[in-house]
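Shown next, in C-alpha cells, is the structure this report addresses.
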Amino acid sequence: MENKLILNGTRVATDIKEQLKGRVEELTSRGVTPCLATVLVGDDPSSATYVKMKGNACEKLGILSKRIHLPAEITTEDLLKTIHELNEDEAVHGILLQHPVPSHIDERSAFEAIDIEKDVDGVTSWGFGQTSFGFGSYPSCTPAAIMAILDYYDVPIEGKHAVIVGRSPILGKPVSMLLLNRNATVTTCHSRTQNLPEIVKQADIVVAAVGKPKFIKGDWIKPGAVVMDAGYNPGNIGDADYEECEKNAGAITPVPGGVGPVTISMLLKHTVDAAEKKLNQQ
C-alpha cells in the first residue's frame with residue numbers, strides 16, 4: 001500500500017454499480033425486474049431520507065423500488081402481516097425494514113419475519129448464523145461494504161489483528177465474523193471493554209462502529225494501521241476523529257464518501273443476487 005491511502009468508498013460503489021448494470025439488463029431481458037421492497041414505519045426524517053436514497057439508487061440501476069410507508073402507531077402484529085405479504089409476493093426479491101422502528105414495536109420479531117431468501121439487508125438471526133459459518137448469501141450491508149472496500153484496495157486481511165469497536169447485531173458482530181472467516185485475528189470491543197485505547201493500539205485494522213462522533217482518537221491508532229469508519233453522525237461526522245487518526249493511519253475511510261455509499265451498493269447487489277437466484281430456481 002502506498003503512503004496514506006484514502007479509501008474512497010464513492011469510487012468502490014460506482015465500480016460495484018457498473019458491474020450490476022449488465023446483470024440487471026440480463027434479468028430484464030429474461031422477463032425479471034429485480035425488486036426491493038422498503039418498509040418504513042412512522043415519520044422519522046432520517047429514516048425517510050435513507051429510504052428515499054435507497055429507492056433512488058435502485059431506480060438508477062433499473063431495480064424496482066416498492067416503497068411501503070406504515071403509520072407510527074401500527075402494531076407489531078400488523079407489521080408482521082405486511083412482511084408476510086411481501087414474503088409471499090413473487091415479484092419482490094428483497095425486503096428492507098428501515099431501522100429503527102417505533103419503540104412499541106418488537107423490532108427483532110419483525111426482522112425475524114423476513115424470509116431468509118429475501119433478507120438482503122442481513123438482519124435475521126438465521127442470516128447472521130449463515131454468515132458466521134461462512135456460507136451466508138447476504139451478510140449485513142455495512143459489514144459487506146467494509147469487506148468490499150478492503151478487497152478493492154487489496155488491503156491484507158489474513159493474519160492481521162482486527163479490532164472492532166462496537167458489537168451491534170447488524171454491524172459489529174457480523175463484521176467480526178466476516179474478518180474471522182478471512183483469517184484475521186479479531187478482538188471485538190464494547191462499552192464494558194477495559195483499556196480500550198491500549199487494545200485499539202494493537203490493531204492492524206480498526207473498525208469504528210460505536211455510534212459516537214469522533215470516539216476513536218488519533219493517538220489510539222498504531223502507525224500504518226487501516227481505519228474503517230462505519231459511523232455516521234449528525235453533521236457528516238464519523239466515529240473516528242478523522243483529522244487526528246489520519247496522521248497515524250496507513251489507510252482510512254473518509255466520512256462522508258467512505259463506507260456509506262458502498263453499503264447502499266451492497267444492498268443493490270444483494271437484491272440482484274436474490275433475483276438471479278430465484279430465476280435460476282425456476
query: Will you find, in the side chains of D229 and T253, an N or O donor that is under 3.5 Å from an N or O acceptor?
result: no

message: Membership question, hydrophobic clusters at under 4.5 Å side-chain separation (ILVMFWY): are L7 and V175 in the same one?
response: yes

message: Please give me the minimum heavy-atom distance between I205 and P156, naming the atom from each residue.
response: CD1-O, 3.8 Å

query: If you measure from the Lys or Arg side-chain nitrogens to the Asp or Glu carboxylate oxygens, is any gap between K278 and E90 under 4.0 Å?
result: yes

Spacing of OG1 belonging to T271 relative to OH belonging to Y138, to within rounding of 0.5 Å: 8.5 Å

message: Determine whether a donor-acceptor pair (N or O, by modelled atom type, separation under 3.5 Å) exists between the side chain of D239 and the backbone of K212.
response: yes

- prompt: Heavy-atom count around K52 NZ within 6.0 Å, excluding the residue itself: above 12?
  reply: no

- prompt: Judged by atom type as modelled, is there a donor-acceptor pair below 3.5 Å linking the side chain of D121 to the main-chain atoms of G94?
  reply: no

task: Take M147 and I157 through the side chain to side chain contact (heavy atoms under 4.5 Å, CB included) test and state the conclusion after the steps.
output: CA-CA 9 Å; M147 301 306 288; I157 297 171; 3.9 Å; yes

query: Above 12 or not: heavy atoms from other molecules or residues under 6.0 Å from CD of Q194?
result: no

task: Please report the shortest heavy-atom distance between P139 and L178, naming the atom on each side.
output: CB-CD1, 4.2 Å

message: Go through it in stages, so that I can follow the logic: the residues are V123 and L97, the test is side chain to side chain contact (heavy atoms under 4.5 Å, CB included), and I'd like the CA-CA distance, side-chain angles, deciding distance and then a yes or no.
response: CA-CA 9 Å; V123 294; L97 172 61; over 6 Å; no

message: Restricting to non-hydrogen atoms, name the atom on S47 and the atom on D44 that form the minimum distance, rounded to 0.1 Å.
response: N-OD2, 2.9 Å

- prompt: Which heavy-atom pair separates S125 from R108 by the least distance, and what is that distance?
  reply: N-NH1, 3.9 Å

Close side-chain approach of V272 to K269, heavy-atom, < 4.5 Å: no

- prompt: Would the number of heavy atoms belonging to other residues, nucleotides or ligands and lying under 6.0 Å from CZ of F135 be above 12?
  reply: yes

query: With distance as the sole test, does H93 use its side chain to make a donor-acceptor pair with the main-chain N or O of A275 at under 3.5 Å?
result: no

- prompt: Does C245 offer a backbone N or O that forms a donor-acceptor pair with the side chain of D241 under 3.5 Å?
  reply: no

task: Report yes if the side chains of V255 and N233 come closer than 4.5 Å at any heavy-atom pair, otherwise no.
output: no

- prompt: So, D204 side chain and A225 main chain: donor-acceptor pair closer than 3.5 Å or not?
  reply: no

task: Would you kindly confirm whether L150 and I6 end up in one hydrophobic cluster when ILVMFWY residues are joined by side chain heavy atoms under 4.5 Å apart?
output: no

query: Can you tell me how far CD of E244 sits from NZ of K214, rounded to the nearest 0.5 angstrom?
result: 8.5 Å

statement: Rounded to the nearest 0.5 angstrom, the CG-CG distance for D106 and L79 is 9.5 Å

task: For residues I105 and V41, determine if any side-chain heavy atom of one lies less than 4.5 Å from a side-chain heavy atom of the other.
output: yes

- prompt: Would T28 and T33 count as having a side-chain donor-acceptor pair, cut-off 3.5 Å?
  reply: no

query: Do M228 and V206 pass the side chain to side chain contact (heavy atoms under 4.5 Å, CB included) test, and can you show the C-alpha distance, the side-chain angles, and the key distance before you say yes or no?
result: CA-CA 6 Å; M228 307 297 294; V206 179; over 6 Å; no

Path from I16 to V155 over hydrophobic side-chain contacts below 4.5 Å: yes

- prompt: N87 side chain to A113 main-chain N or O, any donor-acceptor pair under 3.5 Å?
  reply: yes

message: What I want to check is whether the side chains of T38 and K66 have a donor and an acceptor closer together than 3.5 Å.
response: no

Side chains of K173 and S168 in contact at under 4.5 Å (non-hydrogen atoms): no

query: Any luck finding a side-chain donor-acceptor pair between Q19 and D15 under 3.5 Å?
result: yes

- prompt: Does a side-chain heavy-atom distance below 4.5 Å link L179 with V207?
  reply: yes

task: With the side chain counted from C-beta on, respond yes when R167 and S191 share a heavy-atom pair under 4.5 Å apart, and no when they do not.
output: yes

- prompt: Is the side chain of S176 donor-acceptor paired with the backbone N or O of T188 at a distance under 3.5 Å, no angle test?
  reply: no

message: Using modelled atom types and a 3.5 Å cut-off, is there a donor and acceptor pairing between side-chain atoms of T124 and backbone atoms of G127?
response: yes

- prompt: Are any non-hydrogen side-chain atoms of I221 and V227 less than 4.5 angstrom apart?
  reply: yes

field: Lys/Arg N to Asp/Glu carboxylate O, K21 vs E25, below 4.0 Å
entry: no

- prompt: Checking Y153 side chain against N8 main chain: does a donor-acceptor pair fall under 3.5 Å?
  reply: yes

- request: Please determine if E85 and K118 form a salt bridge, counting it only when a charged side-chain N lies under 4.0 Å from a carboxylate O.
  value: no

message: Hydrophobic clusters here meaning ILVMFWY residues chained together by side-chain heavy-atom distances under 4.5 Å, can you tell me if L180 and L171 are in one?
response: yes

task: Identify whether the distance between the nearest side-chain nitrogen and carboxylate oxygen of R182 and D151 falls below 4.0 Å.
output: yes

task: Start with the C-alpha distance between E26 and R23, add both sets of side-chain angles, then the distance that settles salt bridge (charged side-chain N to carboxylate O under 4.0 Å, His left out), and finish with yes or no.
output: CA-CA 5 Å; E26 170 68 17; R23 292 170 61 189; over 6 Å; no

- request: Inspect the surroundings of CD in E88 and state if more than 12 heavy atoms from other residues, nucleotides or ligands are less than 6.0 Å away.
  value: no

query: Under 3.5 Å, is there a donor-acceptor pair between the side chain of H69 and the main chain of G42?
result: yes

query: Does the distance from a Lys or Arg side-chain N to an Asp or Glu carboxylate O, for D273 and K277, drop under 4.0 Å?
result: no

- prompt: Could you give the distance from OG (S140) to CE (M266), rounded to the nearest 0.5 Å?
  reply: 11.5 Å

message: Membership question, hydrophobic clusters at under 4.5 Å side-chain separation (ILVMFWY): are V24 and I264 in the same one?
response: no

statement: Here the gap from C141 atom SG to I170 atom CD1, rounded to the nearest 0.5 Å, amounts to 9.0 Å

field: Check: W220 ring centre within less than 6.0 Å of F215 ring centre
entry: yes

task: Return yes when atom NZ of K81 has more than 12 non-hydrogen atoms of other residues, nucleotides or ligands closer than 6.0 Å, and no otherwise.
output: no

Minimum heavy-atom distance G218-N248, with the two atoms named: O-ND2, 3.1 Å

query: Step by step, would you call I252 with V226 a side chain to side chain contact (heavy atoms under 4.5 Å, CB included)?
result: CA-CA 6 Å; I252 188 168; V226 176; over 6 Å; no

message: Going by side-chain contact (heavy atoms from CB on, under 4.5 Å), C189 matches just one of I164, L196, N195. Which one?
response: L196

task: For the residue pair D119 and I95, establish whether any side-chain heavy-atom pair is separated by less than 4.5 Å.
output: no

field: For the student: nearest non-hydrogen atoms of T187 and I199, plus distance
entry: CG2-CG2, 3.8 Å

query: Is the number of heavy atoms from other residues, nucleotides or ligands within 6.0 Å of NZ (K222) greater than 12?
result: yes

- request: With rounding to the nearest 0.5 Å, note down the distance linking CG in L36 to NZ in K54.
  value: 9.0 Å

